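Following: one structure in structure tokens, then a few remarks.
The structure presented is a predicted model; accordingly, all values stated were derived computationally and were not measured. Naming convention: chains lettered A, B, ... in sequence-line order (proteins, then strands); numbering from 1 in each chain.
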2 protein chains.
Amino acid sequence: MAGVKDVAAHAGVSLGTVSNVLNQPHRVSPATRRKVEEAMVELGFVRNEAARHLRSGRSRTLAYVMLDAANPFFTDVAAGIEETAESGRFSLYMCNSDNRVDREVAYLDHLVEQRVQGILVTPIDPEAAHLAAVAHRGTPVVVVDRTPREQALCSVAVDDVLGGRLAVEHLLDRGHERIAFVGGPESIGQVRDRLVGARGGLDDAGAPPVTVIATEATTVREGRTAGERILGLPRAKRPTAAFCANDLLALGLLQQLVGSGLAVPDDLAIVGYDDIYFAGAAAVPLTSVRQPRHELGRRAAQLVLDEADNPEHSHQQVVLLPELVARTSTLG
Amino acid sequence: MAGVKDVAAHAGVSLGTVSNVLNQPHRVSPATRRKVEEAMVELGFVRNEAARHLRSGRSRTLAYVMLDAANPFFTDVAAGIEETAESGRFSLYMCNSDNRVDREVAYLDHLVEQRVQGILVTPIDPEAAHLAAVAHRGTPVVVVDRTPREQALCSVAVDDVLGGRLAVEHLLDRGHERIAFVGGPESIGQVRDRLVGARGGLDDAGAPPVTVIATEATTVREGRTAGERILGLPRAKRPTAAFCANDLLALGLLQQLVGSGLAVPDDLAIVGYDDIYFAGAAAVPLTSVRQPRHELGRRAAQLVLDEADNPEHSHQQVVLLPELVARTSTLG
DNA sequence: TTGTATGCGTTATCAA
DNA sequence: TTGATAACGCATACAA
């Protein structure tokens, strides 16, 4: 493969001149420049990024290691990151850990060795030691959509407790009293926080406590199962509204209810969480708590860039606010 | 940042020995090895991938430039790629062109300069000159989910004409005669092929031709609009079944019909295309034509690796077969 | 305006 | 088993 040397030989100039054409074009006479450029085309010359990077020390690349590339939520976060990256002329590489710790570690290692400018990561466990190790080994890191409690890392997340509160307050406003929470396992921080918020909202209003319909995962399938369990309750004890820990659960629940002939929201009102695209496109458009996921990505990217080139950077934990989007599944 | 030299000094050995600890550990006495390893930990040593890459010429990285990271279809393809990549101990970087030519070009350039081992790409235009240019500049490329007609590139795609045929044959089997095709614009190769297949299937069966309900894009919103237009038709001329160019259209159509009080499939049967996850999770689970997207990714990754290290590699255009998944939206 | 020389961090070759 | 040295491809400072 042709390098600067070959181009120089082919164009009958020195190696330094070729380099100048590449990096300081204005300092080269138009005639020689043309000669050199022709030679580059002819030989199919491609800059070797590894070599230039070796000289300059840093690359113009950011990376986002995400939990689950198939979840529209994370790809939207990535779009926000990319927006900031692009305006700073950075490229963004996305890596999918797919909820596997070994892959998360492998990608982080690879990226650190690659000396990318900064790493954004939605980790499986925000307290994991290998996260802090990345920063310690010299690459700026920002945790996205999680807030590490004990670590000196930047992070950007959304207030899930508030989100849970917004959801039940909306249901209370609509006149509901018997409210169920569908979600689990509580080992997931997100789920736990949303439930805490829901309980807080009910407490403050003096309303009866939630009935928890525990699920084993936050999937459509589990949402259907939850639906069966709600249908199995005696009519008098059946809740009039359900707040689901995410939209997948809500969609599954909705599907089960509609399939069984119940009306939403008349027989049961539903609130989801995340406001994924398909929430609005469901048979009964879903009320949902929206996270500012675009903003999440933008802010995270800004932080990581600041950490990379501002010597006075100090770590900060940014918390953004969610917002309720009311649709047919609660309004009728 | 500490390099091999610093480690060597710190451990009181030569630079070459450090390198051996890294690459030929068995050739180093346990005692010195320990000394060196301690020094590495102490200094927070991280291999510089750019430098090692500069020596060895190639990296262990594949990249997938995708059309739209928010579309579950492409992330599933990516999962298939990653499966093959992982078993060959490659990392996969995903890049999102987001349907913008300038970004596609920018990413391809960046990746070529980075000397990645191979590039997979679902391009905006499979005939674009810059695709062939990538291969010409020395990086193996495989086109995914598109089949370039005029170019000497490897590709893996799915037979959309057959998919269209499968859809209408299923509807014919279910006794439908007045069938509509919902989709557009026909400038999209995918849309065109599926329509061609649908027409072929009807022709062969001697059934009346499709009514085309043209859309401006393949989105949920356009699906709803198409629904309005179908509802506007006089009852006698209204189709009894609709084949949609993709699942988003089908979901929009479904939403509009159910919202207007029509029954699916009794008043109108619906077939979608892609079998995205939410097709099965819709209020009325959707019959859809499934593409083997996992397989698509796996095969593409195999091809690009073959192109990278098999000197006798010859370009091939692989075409995979779709499959119909029947659900409630046509079965009742 | 153009050419020459040096170094970036690593690996590989060879000699000790 | 270990150490010295050249080379990878490029960019930069400096000399011509």
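- For B:R52 and C:dT11, the shortest distance from a side-chain N or O to OP1 or OP2 is below 4.0 Å.
- For the OP1/OP2 pair of C:dT10 and a distance below 4.0 Å, the side-chain nitrogens and oxygens of B:S19 include no atom meeting the criterion.
- Out of C:dA12, D:dG3, D:dT1, the shortest distance to the side chain of B:S29 is found at D:dT1.
- Annotation: side chain to side chain contact (heavy atoms under 4.5 Å, CB included) contacts of A:H294 (sequence neighbours excluded): A:A79, A:E83, A:R298.
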Test A:R100 against A:D102 for salt bridge (Lys or Arg N to Asp or Glu O under 4.0 Å), laying out the working first.
CA-CA 6 Å; A:R100 280 172 39 195; A:D102 61 330; 3.0 Å; yes
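- Contact of the B:V143 side chain with the B:L131 side chain is registered, since non-hydrogen atoms from C-beta on lie closer than 4.5 Å.
- For B:H136, the NE2 atom is loosely surrounded, since the number of other residues' heavy atoms within 6.0 Å does not exceed 12.
- Using a 4.5 Å heavy-atom threshold, the side chains of A:P123 and A:R146 count as touching.
- From one end of the helix from C:dT1-D:dA16 to C:dA16-D:dT1 to the other, with five pairs defining each end axis, the axis direction shifts by 40° (rounded to 10°).
- Taking a 4.0 Å limit (strictly below) on heavy-atom distances, residues 32-48 of chain A reaches DNA chain D at A:F45, A:V46, A:R47, A:N48.
- Residue contacts for A:V18: at a heavy-atom cut-off of 4.0 Å it reaches no nucleic acid atom on any strand shown.
- Here C:dG9 presents its P atom at 8 Å from CG of B:D6, a figure rounded to the nearest Å.
- Nucleotide D:dA13 holds its C1' atom 14 Å from the CG atom of A:N23, rounded to whole Å.
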Take A:V112 and A:I119 through the side-chain contact (heavy atoms from CB on, under 4.5 Å) test and state the conclusion after the steps.
CA-CA 8 Å; A:V112 169; A:I119 299 178; 4.1 Å; yes
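- B:N96 has its side chain within reach of A:M94: a pair of non-hydrogen atoms, C-beta onward, lies under 4.5 Å apart.
- Between the side chain of A:Q317 and the backbone N or O of A:V156, no donor-acceptor pair lies under 3.5 Å.
- Here the C1' atom of nucleotide C:dT10 and the CG atom of B:L22 are 9 Å apart, to the nearest Å.
- If you check distances only, the side chain of A:R55 does reach the base of C:dG7 with a donor-acceptor pair under 3.5 Å.
- Note: CG (A:L54) to C1' (D:dA7) measures 12 Å, nearest angstrom.
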Show the distances under 3.5 angstrom between N or O atoms of the protein and N or O atoms of nucleotides 13-16 of chain C.
none

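- Taking every side-chain heavy atom of A:V4 into account, D:dC10 is the closest of C:dG9, D:dT2, D:dC10.
- The main-chain N or O of B:D145 is found under 3.5 Å from a side-chain atom of B:Q190 such that the two form a donor-acceptor pair.
- Under the rule for a side chain to side chain contact (heavy atoms under 4.5 Å, CB included), the partners of A:R34 that lie at least two apart in sequence or sit in another chain are A:E38.
- Counting only heavy atoms from C-beta on, A:S14 has its side chain closest to C:dG3 among D:dC8, C:dG3, D:dA11.
- Using cut-offs of 30° and 60° on the angle between ring planes, the pair B:Y93 and A:Y93 is parallel.
- Among residues at least two apart or in separate chains, there is no ring-ring contact (aromatic ring centres under 6.0 Å, His included) pair with a member in residues 41-81 of chain B.
- Following rounding to the nearest Å, A:K5 (NZ) and C:dT4 (C1') show an atom-to-atom distance of 14 Å.
- Nearest to the side-chain atoms of A:L15 among the listed nucleotides C:dA5, C:dG9, C:dT2 stands C:dA5.
- Looking at which nucleotide of DNA chain D each of A:M1 and B:G12 is closest to, the 5′-most match is held by B:G12.
- What separates CD of A:Q24 from C1' of C:dT2 is a distance of 14 Å, to the nearest Å.
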